[in-house]
Structures are given as structure tokens and as C-alpha cells.
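What follows is a short report on a single structure.
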Amino acid sequence: MERLCGPELPFWVANQTLHTDRPDLPECFQLSVLSWLPCIYLWAVCPIYLFYLKRNNRGYIMMSIKNRFKTVFGLLLWIVCWTDLFYTFHELRQGHSQPPIYFITPLVLGITMLLATFLIQLERLRGVQSSGVLFIFWFLCVLCAIVPFRSKILQSEVTDKLRFTTFYFYFSLVVLELILCCFNEKPPLFSSVVTDPNPCPETTAGFLSSMTFWWFTSMAIKGYKMPLEVKDLWSLNQRDCSKKMVPKLLKEWEKEQAKAKSEQNLSSQGGGESNLEEVEVLLSNQRSVPQQPSFLRALIKAFGPYFLIGSAFKLLQDIITFVNPQLLRMLISFTKQTGVPDWWGYTLAFLMFFTAFLQTLVLHRHFHYCFVTGMNVRTALIGAIYRKALVITNAAKRSSTVGEVVNLMSVDAQRFMDLTTFLNMLWSAPLQIMLALYFLWQNLGPSVLAGVAVMIMLIPFNAVIAMKTRAYQVEQMQYKDTRIKLMNEILNGIKVLKLYAWENSFKDKVLAIRQKELDVLRKSAYLGALSTMAWTSAPFLVALTTFAVYVTVDENNVLDAEKAFVSLSLFNILRFPLNMLPQVISSIVQTSISLKRIQGFLSHDELDPNSVDKNNTASEYSVTVVNGKFTWAKEDPPVLINMMVPQGSLLAVVGHVGCGKSSLISALLGEMEKVEGDISVRGSVAYVPQQAWIQNATLRDNILFENPYNEQKYHSVLEACALTFDLEVLPGGDMTEIGEKGINLSGGQRQRVSLARALYSDADVYLLDDPLSAVDAHVSKHIFENLIGPEGLLKGKTRILVTHGISFLPQVDNIMVMVEGQVSEMGSYQELLKQNGAFAEFLRNYALEDIIEEEEATEELIEDEEMFPDDALSNHTDMVDNEPVINEAKRNFMRQISIISADGENPKSRSVRRHGCSQRKHSEPQEKKKPHEMEKLIQAETAETGRVKTKVYLEYVKAVGPLLSVVICFLYGCQSAAAIGSNIWLSQWTNDVSTNQTKENVPMRVGVYAALGIVQGILVMISSFTLAIGNISAARKLHYNLLSNKLHTPQSFFDTTPLGRIINRFSKDIYVIDEALPATVLMFLGTFFVSLSTIIVIISSTPIFAVVVVPLAFIYVFVQRFYVATSRQLKRLESVSRSPIYSHFSETITGCSVIRAYGRHTAFVLMSDMKVDENQKSYYPGIVSNRWLGVRIEFIGNCIVLFAALFAVAGKENLNPGLVGLSVSYALQVTMSLNWMVRMTSDLESNIVAVERVKEYSETKTEAPWEVEDKKPPPEWPIKGNVEFQNYSVRYREGLDLVLKNLTLNVRGGEKIGIVGRTGAGKSSMTLCLFRLLEAAAGEITIDEVRIAEIGLHDLRSKLTIIPQEPVLFSGTLRMNLDPFDKYTDEDVWKALEHSHLHRFVSNQTAKLELQCSEGGENLSVGQRQLVCLARALLRKTRILILDEATAAIDLETDDLIQSTIRTQFEDCTVFTIAHRLNTIMDYTRVLVLDKGQIAEFDTPANLLSQRGIFYSMAKDAGLTQ
């Protein structure tokens, strides 16, 4: 240094700098170190930065005034620096030789300023709006220039006027550059920011703004003023979009696959030439290492580089973390010394503040990078899985259910996202642990090992707890799933439960499961309390053992404040990595399982797009299959096909169930694996599947299916598919939103929409897989004539129609008969009849005459019905008698039904569908109800925006128990007191040093310290225990009230509330109350008391601190309110936008054959991407809001550190080092708990809403009591079975019209009454009134002199028997389905089964009565289910039986069985039958004809026929009279 500066200018003078009250740095130091620092930085960063700019070009920015100023200032700086240089040369010529430093520094500075100016322009050309590199450079320049600036002011006289002037020029220019650098440039030309309606301000944010996340503030303010909506969200950054992310991952994955393939080929070729032994060796090797493409490698290549930037930040943060304990040591030693200058202390305080602040910024940068990587990984995974799901083969599709694949997307992709955020802990935790141990060793020597030993012993303890908790979680999830499944069934079959009065049995079942669930919860809560104890006491135990060992090992070891508190802060640093490491490892284990699953799914075989030759134009045949052999999966029996279909002809394919008709269609679509043969289809294809596939979109979108809208064509399509009438009835016409799986359309309507889609797509070849089975006879005739048949719209196109309808066969060109997977014969109708082969037999099975007759009859019936659409008000939304399906009682349909149910259209959706379509005919109430519904939906949502009311918290406190709540808070207070106590004791102990009492006091000091700590640990455990008990009892109460209220709720509530919404209360909200809420409350109380105790400790040691607390607390609350309002709404938006991704996905999986047939692959991929981006659009601000909050809250924490240190320095005269150490080390910890406290407040607000929602549904209006003690009817009532209606009127709900008006009739015991009438005449309503599912509006019903309105509902309902229209079964044993209360003996049950013709079926089962019925009874055919309902009726056998005849669900055989059983077994009972087929009631005693809710005719069938009224016309329509 002396060579550079010369002898007169020393480099370092201790007296001038450290040991004076007015410190100054020597000139040589100023000229060398301070001037070179910024230059060294810029030259070091420059190469990396230039490389980055070369890679990232965002388009150039126009020259702006700001930019011109920056450049000019840069050039001026260069001139100023070189003025100094030339002045030095000038002096040299004058004969004043200056030391070399005066040449070197201006030269270096000048060149650096030129480099900076060059960077300013290069950045402009590369589209960088704000530069971090230059900002840091100018900042360093200003920082380093402040010292010479001060010393030049302090100089008494100016010797060197020119350098004095140039320096001031230099200083002001650098400051100006720094100020200019804070503002950012305009966005580059042609960038997306300009075109985007709502761009994310991040892209244009400056360096400072993006470091502190200042750009997010605008959203925080907006979210605070009013709840955010989707339109307020910024659009997603270009680089985070699906269209960037997914291809990036897929490209890498394809490379991996190609690599694996080529390696496999190499290894298999290698074995080719060699002799057999070698081949065997090779094969065995290959078997041991099957070369699979590595999905992990693809992920790393795609997302690794971006992630590594985050890792670099993490490394920096880890190093900075350890600066503060060192500063703390210096601060404590400073307070011990006397006669040292005060500015030391202040410098230390500001340094602590500065390092903490820097650490905050770096940490949040790192988190930001990690979270964005996680988000990108999720986007890419979802995209890749979606694209794959569209092309996998059927064999592959069978290997995983829809649910599993959706899980890949939701659960597994989510796991990756969660892991990326903490992945860096894998290397960072060991690094932190090693650094901490190194510093501790320096501080305390080998005694540290004792403390480390304790930590290591705690790791297996925590690991065991974690394992057990995991096991409990799995167990609890199972209980939860069974409970939700049961609830789902109960709610789906709630009507049946009410009719049978079975609620109690099911309530007990649910509560039994709930009890098990709560037991598991309790166990895991106890474990949780243990681990909380371990986690709070760990640092303390470690400190205790270390200090105890340290003072006892050697007499001379003295525990002073420096050693004690620095060690404590280091132990606190250690705590985080030690706790995180096991978590990260278990998370990695979980994710590796997910990785395997996703890799397996993405490696499935894909359908061969070229198996069907699409472009042969030569032949006249538009579909040809030559020697085709197809299979669904390798092990299935193949389908053999040879066929040629001439251009423009109509081919019907017939055959028995399961003979391969649908397989034929699939083969033509290329959905089956082609084993051999050739297949070609000429031109485009339209496909109508057997199960109509309807998207969750408007009706019009379903028909257009991404084709452009052409009004004329569209209307002709609607006309041909007989959809015009339906549109008039639907609430929004063709803009009606169709629910998932087409839930608000009837089966027939769905099928017609599916046909309309095919017709609109205007293809060349039409593959129609039995489209006519689901529609009524007259509609199917209409469709055949206008659409499919020789005169229809499709004439001239090639049509292949699979059908069961025999009536159309004479009109088709060719018929192909399939038998057991092979084409048995083919030819026209006449030819096949002559051959007398399989086809003739097929026809014989179906008596033709009979069917045709029946068809004509129903046709007339329906035409009549359409004349009464307006009296549809009497309709009841759950009763199927008014469904358009009425006349689907064609035998072909009955045969069909059993197949459909086997195909797994789950009855659940079926019953809901009935819900929907029954509203089809009652247009007026529908329209009245629709807006009402809409309002209601919206209200349900608005209930959740804005702040949560205090009342809700009180509700929860009440559920926990007010006394218990107070006790819990008290315990938490005690535990904090114990913690503070032990630390104060420690600070007293460290002060023993000054009074030299160390030796005598050691045992006492250690003992008390240990006692206080142990008390704290025990208190922690007790308080966690009591909290857990309180939470569980609250969860029990809330669920119990919800359940019992829902079982007591009247039927009308279930008709107007979507089931999903109720189920949601039972699953999501109860889950939150069970698990999320307790955890949040625990964390909240913990962090709250830690923050509180910190403030108390600092104020007690430096009382002046109280002055600062108020403004800091104010800022804290202010930020917290902003954050909570915004983040709560963002969370809500995110969860709302998440489910469409999965529902669209499962919809796609079910309809992928349709999507492929129409070639709509890309449109659907785009749609999915859009939905994912929509979701990430609300997730991304959510991540940023956490960073925004973190930076601000930690800033407050850092201010607390600063003030604690400053006041400690200021009051050092009257403070002992122990107290300084205590208050500052407490302050250093506070940041974390402040940050978590805000997060927890936010979570608490989000979660407590669940209590509100559950509460809302536990307080809905209930129906009449189940039992009225003083009005109980005699046990053997009704003996005779007389039923009397007197002036009886009823309506469905308040505000709707009467359904039955003034009915008066008298039925004697044992009479058989048939009830008939047109749709909506009120037939079903009569039965509902008997059961009081509807309460009377006027009049009364008496049964055997007892007024039914006065007795309890269960007393009434258990004395009546009904065989409902839809057979509802619950999952459980058959025995439970017949007799849930176990009232009857086994032989009673067998007898009932015998009478209901199920005896043979059940006795053939291995489980007999314990036969498990699946959900909705899916493993029984529909006919069998109907018979089970009959068996229920036979078991109960009361005096009054109501039979609501099923419309289309059962085949004629079952129907006859039921009728004959009823005639024999119930001959002395009163029977009411709602008849759809008149022949069943022709021998009844009397027939009641209802019309528009009033009695039209009531007499014996014979009399009614002679009166020639309504009954006569109906009988005539049914072909029963001439």
C-alpha cells in the first residue's frame, strides 16, 4: 500500500478512526478501497450480465429524456474523473510528483463510468426497463463517496481546489444517477404490456419495486376497499402461461423418450448377432435395468435453471443469517466496556438493522423464485397429463379410473408444487447446521456437543410422532370418506328415508363413523401436543444441557452475557433447519411416489392415429373393413369384422346385447387395437355414442361443438332432432347452461342434443350407436323420418345405425346381424327374412304386432299430453310421472336399461337427472324459480365476502365451551410467563460475573433455570391438550347439530338446494372445523403470546421503547388489514377457479372418444390450458401477497431490533449486559412470529367461515316432530285401513299454486284404488300428502278416525307402506336394506324374499342375506332393485299400501311379478296405485281420475268406461277398448 500512496499518506491510522469521537478515514484508504469497491463490483458482474442480456431480448425502448440524461451524466462523470487524471499529469509537468494512486484511481473510475454508460444504452436496446446491476453500482458509489464527502467538509482549509471541485461534481452526478435509476423506463415497443387489457405491473416494475414487491400494493389497496373479483386480477405473465410452460416440459420429455427408445433398440440389436448364451445374459441384464425414460430429468432440464437462481439467493441468505449473532456479541461486549465512543454502538445497531433488512429482501426473492417454479411445474404437469389423457389406448384407460387420473392432476401435481418451495432446504439445512455448530464451538468449546446430542435425540422422537400422525391421518381419511359416501347416499335417497321413516337408523350409522373419526382425531391431537412440546422445549433443553455442561466441566468456565445470549440466538437459528429437514425428506418421499405415478401415466401406450385409413377416395365404398380383427385389450376376445358400406347408404346393425355392436363402431373410430386387417373410412366422421356425452356448457355450444354458427342450418337441425319444443321449455332457451354430465336434461333430450351435434358437424360418415333407445317412441319415429331414414336430412350420407328398434328395419338399405363378436349375416330386410337365420330368430323374439300397436297408442297419448303443458304446475320435482320418459316403456328400452346400468351410468346421476328433467314441463314455476334461485346462489356467496363478524368467533368459542376457552388462554399466558422467567433468570445468572459470585451459585442457578424450563414444557403440553379437547368437542357439537337438522329438514328444502352444496357442508366445512381450524388456532395463540412476551421483555428492560411500540403496532395492524382482506379474497377466487380444471378434465376423459371422432383435440387442449391459466391468475397474486406481507412485516420486526439496540446503547450506563442481551436477542426472534401471526389471522378468518356455513345449515326450518308423545296412535292402528280426504288442498312450497284443490273422497278398508290422470294432474302429490311430505294447505286426511296432521311423522310413516317409483338402495348388506332396524327375524326376511321372487337369486349368492349392495345398488339390475323394494313392502306389511308404478325402469316381466304378488299378498289391504299402464288397474274396485288437481271421475272401471269420459279416452288410447 505504501508503494501506491507514498510515505506521507498512511493507509490506516487507528487513533484517527476507531478511538475518537469524531472518526475519519485516512485519504489513502478513501482513494483506494472506497473508490475501487464499486468498480470491482461492476467489472465482476459485467460478463455474467452481458451474457444474460444477449440471451434475453425484450425489444428496444425508444430514447427518452430520462435516458438521455442518464447517458449525459455518465459521460460527464467520465470527463470529471479524467479531469483529475489530466490534472495529475499537469502537476507532474509542473514538478509536483504525486503518488501512483492519483493516476490509478481516476483512470479506473473513468473507464468504469464509460462501461456504465455503455450498459445504460445496451439495456435500452435490449428492452430492460429498470436495471438492478446499475442500481447497486450507483448505490455503492454514493455509499463510498459519503465518507470523503464528510471528511472534505470537516477539513479546516482547502489545499487542493480543483480536486475539491471535481469531487463535488462527481458526488452530485452520482447521486443524480442513483435517483434517475430508481425510476423505470417506458415498456419496450411491441411488448405484450401494450396490448394486454390488464397487464401485471411486475413486468414494468423497477428494481426497487420488484425487490420490495411494491408493485403489488395497488392490488392490496383495491382488495381492501372492496372484495376482489375476477376482473380485477392481472393477466398471467407470458412466461408463466400454459402455452409456454407445457411445450417446454413436453419437449424435454419427448427427448427423454426418444433417448430411452434408441438405447433399447441398441441393446436389442446388440444381442442379434451373438450366440444364444450371450443373448440370454443380455436379456437378463436388460430385465434388471429396463431403460425407462426419466421424467425427473425432463423436469430438471425444463425448470432447473430458473430454480437455481432461487437457490443462489438462498445461499446468500444462509450466510447473512449468521452475521447478526456476531453483531449481537459485539453489542454486548460494547455495553460492558467503559470509555468507548458511543458511535460504535449506534453503528452496530444500524448494521444489525441493515443485515436483517438485506436478509429479508434476499429471503423473499428466494421464496418468490421457488414458488413461481412450483407454479410452473404444476401448470406443465396438468397440461402434459391432459394432453396424454386424450390419446391413451383403452387398455391403458382401464388400468386407472377417472378418479385416479384426476388425482394425478390435483393431488400429485400439487405435491410437486409444494415440494419445490422447500426443496432448497435439502442442502441449505445441513449448511446452516454446520455453520451454527462452528460458531457455537468458537463460543463455548466442546460443551456444545452436549446440546447437539440432545437435538439429535429429539429427531427420532419427532420422526416417530410424524410417522404415527401420518398413519392416523390415513385412517381418519378413510373414515371421512366412508362418512361422506354414506351422507351422499342419505341425501340422494332422503325422500325414501322419509317415506320409510328410516332416518334414525341412518343417523346412528353416520354418528358411529363420526365417533371413530373423532377418536382418531383425538389421538393425533395428543401426539400433536407432544410434538408441540418437543418443538417449544427443544431450544431450551439444548441451552440448558450446554450451559450446565459448560459451567460444570471446568472451574474457570464462566457463563457471561456474551456467551449465553449469542449461543441462544445461534440455537434459535439451528431450530429451523433441524425441524425442516425431516419434513423435506418425507415430502420428497411422497413426491417420488407421485413422480412414479405421473411417469407411469405419461408412458402409457397411445392410440395409433393411422390405424384407420382416412383418405382413400378411390372406391365407391365409403367404409370398408377387410379381415379386421380388433380387441379392446390384449387379453380380451377379439371382434372379427368384414364389411363394405356403399357411399350414401344406410346400414342397420342388430344383434343381442353384448354381441359387439358398439365395438364395431369403436373399431371404425380407431378406438380399438387393430390386431390385423385393413380399415378405411372415407371423409370426416360424426359419432353419436350410446351414452350421450354432454359438456358443461350452453346447449348451443354443445350442438355447435366449436363449429361456426349458421342460423338457418342450426334451426333445421333443431327441427329434425325434435328439440324445438324442449327449447321453449328450458329456462334460457338454447343458452341454458347444461350442468355436468347433462344433469338438467332428461335422457332423451341428451340423446337428441348428441344427435344434433352430429348433424350440425356436417360430416361424410355417420356412426350412430343406438341413438333412438333413450327417446320416446313418437320422437324416435320423428327422428328416423326427418333425420336418419331414407327421406331424412342425412340422405346421401353414409350412415351406420346400431339399433334395437325393429320397426325401422324394413326401411333401411342393408342390415348386418352380429352374433358374439362376428358378422353372422348381411343383406336387405327381405333377403334376411328369407334366409331364416339369426335375423329371423331375432325378429321372432320380439312380437312385432304388439310393439307397433303399443307405439301408435303412445303416440296419440303424447299428442294429447302436449295439449296440456300449462297445468304442469302440479308437478313435483322429484316424481317421474311427468317425465317425457313416460312412454319409453318399449320393450327394447327395458332390455336396454339393464345394459345401461351395467355400463355404469350411475343411478346417482340418474336420480339427479330425474330431478332436473321433471322440471321440464313446468315452465312457469321454473321461470319464477330460476331468477329466485340465481339470487339465492349469489346471496350464498356474498355471505362470505368482507370481514368475518365477531359473532362467528363467539359461536365457535361457545361450541368449545366458554370456560374452557378462558382456561386455554390462561394456560398460554402462564407458559409465556415461564419462558420469560427462565430467560430473565439466565440474564441474572450472567450478571454473577461482575460480582464474582459465580462458583457458589452454580448449582442454584442451574437448578432454578431447569425448573422454570421444565414447567414451561409441561404447561405447553397441558395447554395444547386442553385446546385439542376443546376443538374436538366443538367439532362434535357442530357436526351433530348439522346432521340432526338435515334429517329433520322438510323435503322441499332438498328440492331447491343442490345436493353438492349440502355435501360440501358435510365434507369441506366439517374437515376445516376438524383439522384446519384447530391447527390455525394453535399457531395463532402460540405466535400471539410470543410476540406479546417479546414486547413486554423489551419494554421492561428499556422502558423508553414503549414510545416506539405504538406507531409500529399501528403500521402492523394497517398492513395486516390490507393483507388479510386481499389474500382472503384471492384464496377464495383461487379455490373457485380450481374446480373447473378438474371437472373439465373428468368430462374430457369420459368424452374423449367423441372429441377424437370429431377431431376436436386441439380445441379441448386450449380450453384446458385456459382454465389452468385462469386458476394460476388468482394463485400468482396470492403468492406475491405473501411476499409483499413478508417484506413489510419483517421490516417492522427489523425496526424493533433497531430500536431495542439503539435504546440499549443509549441507556448503557444503567443497563447490565445481561439485560441488553436479553432484549436484543428477543427482538431478533420476533420477526418470524410477527409474520406468522398475520398469516394465522388470515387463515383463521378464512377457516372460521366454515363454522358460519355449518351454523347456517344447522338452523334451517325443520319439519313437524317425528313423535308427539300425547298424540301417539294405538300400536295396532290402522286396523281397518279406511282413508278419508276432506276438502283437502295442498301446494308444494309457499308462493306456488295449489296442486290439489278441495279433494273430498272416502276409501273403505281393503279397497283397491287406481289413480290415473294426465301428466301433472297431481297423482303423485296424493301419495306425498298421505305421508305428509307435503303439509296440507287446507282440509285434512283421516285414517281410521285418526287425523294424520296431529300425530308424529314417524308414527304415521311407519304405519304406511310405499313401493316407490325409483328403487333406491343404500350401500350395505341386503339385510340392512330390507330391515335397517333389525326388527324382523331372518325367517321373516327369507319369506319376504320368497314372495318377491328374489329367493333364488339371494340363496345363490355366497353371502346370502349379507350380500353387499354397492352404492345405489349398482350391482343389482334395475328389475332386481324393484323387487327388493317389493320385499321391503312385504316385510312391513301394513294395512295401507301405496304403489307408485314405475314408468320405464322395469321390464314387463318384473312388472307382472310385482302385480301378481300385490294381488295375492295384499288382498285385505287398502291399495292405492298410481298407474301408467291402464291394464294393471282394470280389475280394481274403483278408479280415481284426477284432472288439474281436482277429482274428475271416481267410480268402478266398468262404469267409467260406459260414461265415456276421460278414463274412456285414455283406455282407448291404450288400446284397451274399441
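All residue numbers refer to positions in the sequence shown, counting from 1.
Contact between Val765 and Val681 at its shortest, heavy atoms only, is CG2-CG1, 3.9 Å. Residues Ile484 and Phe1066 come closest through the heavy atom pair CD1-O, 3.6 Å.
Checked by atom type, the side-chain pair Asp769/Ser662 shows a donor-acceptor distance below 3.5 Å. Between the side chains of Asn707 and Arg757, no donor-acceptor pair is found at a separation under 3.5 Å.
Residues Leu607 and Arg1156 are in side-chain contact: their nearest non-hydrogen atoms beyond the backbone lie under 4.5 Å apart. At least one side-chain heavy atom of Arg378 sits less than 4.5 Å from a side-chain heavy atom of Gln414. Proximity of Asn786 to Glu719: side-chain heavy atoms (C-beta onward) are nowhere separated by under 4.5 Å. When side chains are defined from C-beta on, Arg1132 counts as touching Val1249, because their heavy atoms get closer than 4.5 Å. By the 4.5 Å heavy-atom criterion applied to side chains, Lys713 and Asp762 are counted as neighbours. Ser1178 has its side chain out of reach of Val230: every pair of non-hydrogen atoms, C-beta onward, lies at least 4.5 Å apart. The closest side-chain heavy-atom distance from Leu1133 to Glu1174 is not below 4.5 Å.
If you take CH2 on Trp693 and CG on Asn702, they are separated by 7.5 Å, rounding to the nearest 0.5 Å. Between the CD1 atom in Ile703 and the OG atom in Ser754 there is a gap of 10.0 Å [rounded to 0.5 Å]. Between Glu706 atom CD and Asp701 atom CG the span is 8.0 Å, to the nearest 0.5 Å. Atom-to-atom distance recorded for Leu390:CG and Ser1153:OG is 11.0 Å, nearest 0.5 angstrom. With rounding to the nearest 0.5 angstrom, the CG atom of Leu408 is 9.5 Å from the CG atom of Leu381. A distance of 4.5 Å separates CD1 of Ile598 from CD1 of Ile385, quoted to the nearest 0.5 Å.
The environment of Lys1068 atom NZ is sparse: at most 12 non-hydrogen atoms of other residues, nucleotides or ligands sit within 6.0 angstrom.
Taking the six-membered ring for Trp, Phe705 and Tyr760 have ring centres at least 6.0 Å apart. Aromatic ring centres of Tyr1257 and Phe1053 lie closer together than 6.0 Å.
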* List the steps and the verdict of side-chain contact (heavy atoms from CB on, under 4.5 Å) for Gln695 and Met1167. => CA-CA 12 Å; Gln695 277 175 276; Met1167 225 149 95; 3.5 Å; yes

* Please walk me through it: do Val612 and Leu669 pass side-chain contact (heavy atoms from CB on, under 4.5 Å)? -> CA-CA 7 Å; Val612 178; Leu669 287 173; over 6 Å; no

* List the steps, then state whether side-chain contact (heavy atoms from CB on, under 4.5 Å) holds for Leu236 with Met375. => CA-CA 12 Å; Leu236 209 54; Met375 178 174 115; 4.2 Å; yes

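Contact check on Glu1134 versus Arg1138 returns a salt bridge, with a Lys/Arg side-chain nitrogen under 4.0 Å from an Asp/Glu carboxylate oxygen. Checked for salt-bridge contact, Arg387 and Asp1169 meet the test: a charged N lies under 4.0 Å from a carboxylate O. With respect to the salt-bridge test (charged N to carboxylate O, under 4.0 angstrom), the residues Asp240 and Lys1177 do not qualify.
The aromatic rings of Tyr386 and Phe1145 sit tilted, their planes meeting at an angle between 30° and 60°.
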